[in-house]
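The structure appears right after this line, and notes come after that.
Residue numbering restarts at 1 for every chain, and letters A, B, ... go by the order of the sequence lines.
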Amino acid sequence: MASEKITPSVNFSVLILFGLILLSLQLMSSAMQESSQLSAMYSWLLMFNALGSVVLLVLVGANIFSLVQHAKKREAGSRLTTRMVSLFVVLALAPAVIVFYFSMQFLHQGIDSWFNVEIDRAMEDALELSQASLDQRMRWHLKQTQQLTTKLEESSENAMMLEMENLRELAGATEMTLFSRQGRIISSSSVNPSDILPSLPDEHIWLQLRQNGEYVALTPIHDEELMVRVIVTVKTQEPKYLQVLYPVPVRIADLADSVEFAFVRYQEMSYLRDSLKMSFSLALSLVLLMSLLAAIWVAFISIRNITAPVKELVKGTKAVASGQYDQQLPVMAQDDLGFLVESFNDMTHRIAQARDETRKAGFEVENQRAYLETILANLTAGVISFDEDYKIRTANQAAYRIFRVHVNQFMGQSLLELVQNYSELAEPLKAIQRLLEQADDIWQQRIAFLGPNGRQELLCRGTPLFSQVGARVGAVVVFDDVTDLIQAQKNAAWGEVARRLAHEIKNPLTPIQLSAERLQHKLASKLEEADALILQRSTRTIVQQVEAMKEMVDDFSEYAKPSKKQTVDIDLSQLIQEVLALYALRSGVKFKAYYESGVQLINADPVSIRQVLHNLIKNALEAIGTEGLIEISLHRVQKNNTDFIEVALYDDGPGIKEEQIEKIFEPYVTTKAKGTGLGLAIVKKIIEEHGGAIWIDTARKVGAGFIIQLPACNVD
Amino acid sequence: MRVSKSNKYPSFLGWLIALLWLSTFSVYGAGFSAEVKQAEMKLQREDYLFSAVLVYHLSDKAKNALQNGVPLFWNVHFKLQQPHFMFLKSTLIDVVIRYRIQYHALLNMYRVRNEFNGEVYNFSTLPAALELMSVINDLEIIKKTDLDAKKTYFFYVKVDFDRDALPLPLRPIAYIDPQWYLSSDWTLWPLKK
């Protein structure tokens, strides 16, 4: 996150700006003094300050616009900034406006107080007095000049020229000049002999003179020297004009100048009164405006810097709320807000740590769970867990293998609901459900049923689950298909019986037979014919029975011997064809064989497998009698990721009774009048010793059906 | 003969002032500015003499201020320039004739001072005073030898009312009030040899 610290350069810039503003305002204030040398720069300073105000106004406007935009977007910290800026503006503006208002009042009243009617009147009176005094002097000089002209009128033109000097001195005039009617200088006399050219009246004076015949006025001579210019007509034959310049006494001139200066100054001030007010008001307004705008601008910068940590905090809080716990905010200052930011950083750090630990623990739990699931999935025993309502919560892969049902698809349902879809599983499922509901402790039961794989026997073990407070929270059932195990136990038991029979029974049979034959041999000649006949029949019976018993024992020996003697790869389809060829000549019985294309190899002892096929076909032939149909099909199947060659053999005989199905593969179980009842037992033993399985296809309703599965060899 | 009034020399301040002034001048400005009615430079013997006829139109505010003792100043600018390539030109002569007019209440007359030569004139009426300021007669400007006979020269004349010479409180108003725009534009005149 970018740091927004108040950098020293910004502080320095603000200080420089304030310095410039103050300097400019001070210069403008100084320039407003008339006597100041800066007066000439007043316009520039005014313009500079006005421009400064405009720049500040733009800056403040830009800041306000930016703030409004941020507030509209509801950005973090914008509302706090708005509130603080508004508060500052109100707090700064209110006293400033009050001070400004009263300053303006005082200013206007102060300026107005400089002027009043009495002073106006006094100034005008003073000027009028001065004018009256000068007028009186002018009239006196006019009269004096007129008296002089009467003397001149009596003289000739030459005498006038001669008299001029005397008359000037007599009148106390500075200059005396006699003009012709056309304005030509006839004669002139001046108190200053260096003045070659007398003061000439302008056209305006000539015009007035021609109209009135005389002229008298105050005239500034040589810029500042005040004179009374009197021109009168000299009534001679050819009218002439006499101009006399009388000096105004220095004292009177100074007083008149002073009065005039004061009057003009006052008149000017009076005239400029409104302009003065406006000028001062403008300056004051400019000072206030610049100060306020500068203050507001700096307030914006300051408040933005103050609220920057708050803004960051808000952003950080939002980020934390959205789950980003690794937020670390920059600490901008070592103040309360800085402490708050540090606390926030500490908090987020701890939360992130806690989250990481929780996540780690979660991973571990998940790993454990996955591990347990893997174990459960790979268990050969089926495991189904139930909730407190005996609804299925989980089931492993082995449950599918045993039941041939995807129990996982029935999550949240009871076993009884499963029964509705899989009626063949009704027996074990109902039994398990009943045991679940009844048991308060660990239970174990063996449940036998006729499943899709034939007769199956399950060893079920159930455990009710309890919470820490003792409430029942569910149960778990572990079950295993022990059909093969039970069968193996039975087979082993029968093998042992056969071995014992061979040992315990067959051994005494030979002495019995030999003894019976010896009795026949020794006693036959000694006995009467009738007795000898009885002995012969008896000994023959003994020998026959002993032979029968020997055959029986041999059969048992055969059953007890391992069938997997020499295993080789056999093409089972070819073997079946060879076996069937032996029975093909039998009239009345039809054979139908279905082979899946390709070589169906198994690794087995060919003699044993041939015996299996012979036994099954013989059984079928015996079952169907003289006419019937025997069907054999051969195809490859996959079971538990293992390839098997499945041989199905069906006949259309009377079939197997249901009560015999369970025990048909056990020794001495037979439905025929002849036979030892070991044929199918040997078949099953051979198949199982080759790693295969055999069962009766209970789904077949006509005749009997046997299904054999033997592990397949890979062709390549 | 007046050729054109296009040549101007505005400063930055002038631009800003003009900007402020333009906003109101279109409404009020007509009729108060000064005019350069006629200007010529004639060769007399070996010198070029400058003569001009100027016209001053005083607004009511200017007359009122003058009547109340406020002195008014005009500068008559004269520039003699030689054009070069494109807009480049060199200034040979730059003369300013400054007039000051003030009303004297005691004498009830208008005093005009030509600050260029220091001469002072008094008039009982304002038109008479302005009349004096309106005529420039045979002001010696430059010697014939200082000019190249084969080259072309132009001279510029402008009457500029000096608002910065007004009393300070009046200046801000003078810059925004067209009644105080009492100047003329630059006028361009050819130098006839």
Please classify the contact of Asp202(A) with chain B as side chain, backbone, both or neither, using a heavy-atom distance under 4.5 Å.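 The side chain, not the backbone.
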With only heavy atoms counted, which part of Leu276(A) is less than 4.5 Å from chain B, the side chain, the backbone, both or neither?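 Backbone plus side chain of Leu276(A), per the 4.5 Å heavy-atom cut-off to chain B.
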Tell me, for [X] versus chain A, whether the close heavy atoms (under 4.5 Å) come from the side chain, the backbone, both or neither.
X         : answer
Asn108(B) : neither
Ala128(B) : neither
Ala65(B)  : both

Are side-chain heavy atoms of Phe263(A) and Leu106(B) found at a separation under 4.5 Å? no
Heavy atoms of other groups near Gln105(A) CD, more than 12 under 6.0 Å: yes
May I ask you to check whether over 12 heavy atoms, not counting those of Phe261(A), lie within 6.0 Å of atom CZ?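 12 or below, so no.
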Please check: side-chain N/O of Gln131(A) versus main-chain N/O of Ala105(B), any donor-acceptor pairing under 3.5 Å? yes
Can you measure from [atom1] ([X]) to [atom2] ([Y]) and round to the nearest 0.5 angstrom?
X         : Y         : atom1 : atom2 : result
Leu170(B) : Met278(A) : CG    : CE    : 9.0 Å
Leu107(B) : Leu134(A) : CG    : CG    : 8.0 Å
His104(B) : Leu218(A) : NE2   : CG    : 12.5 Å

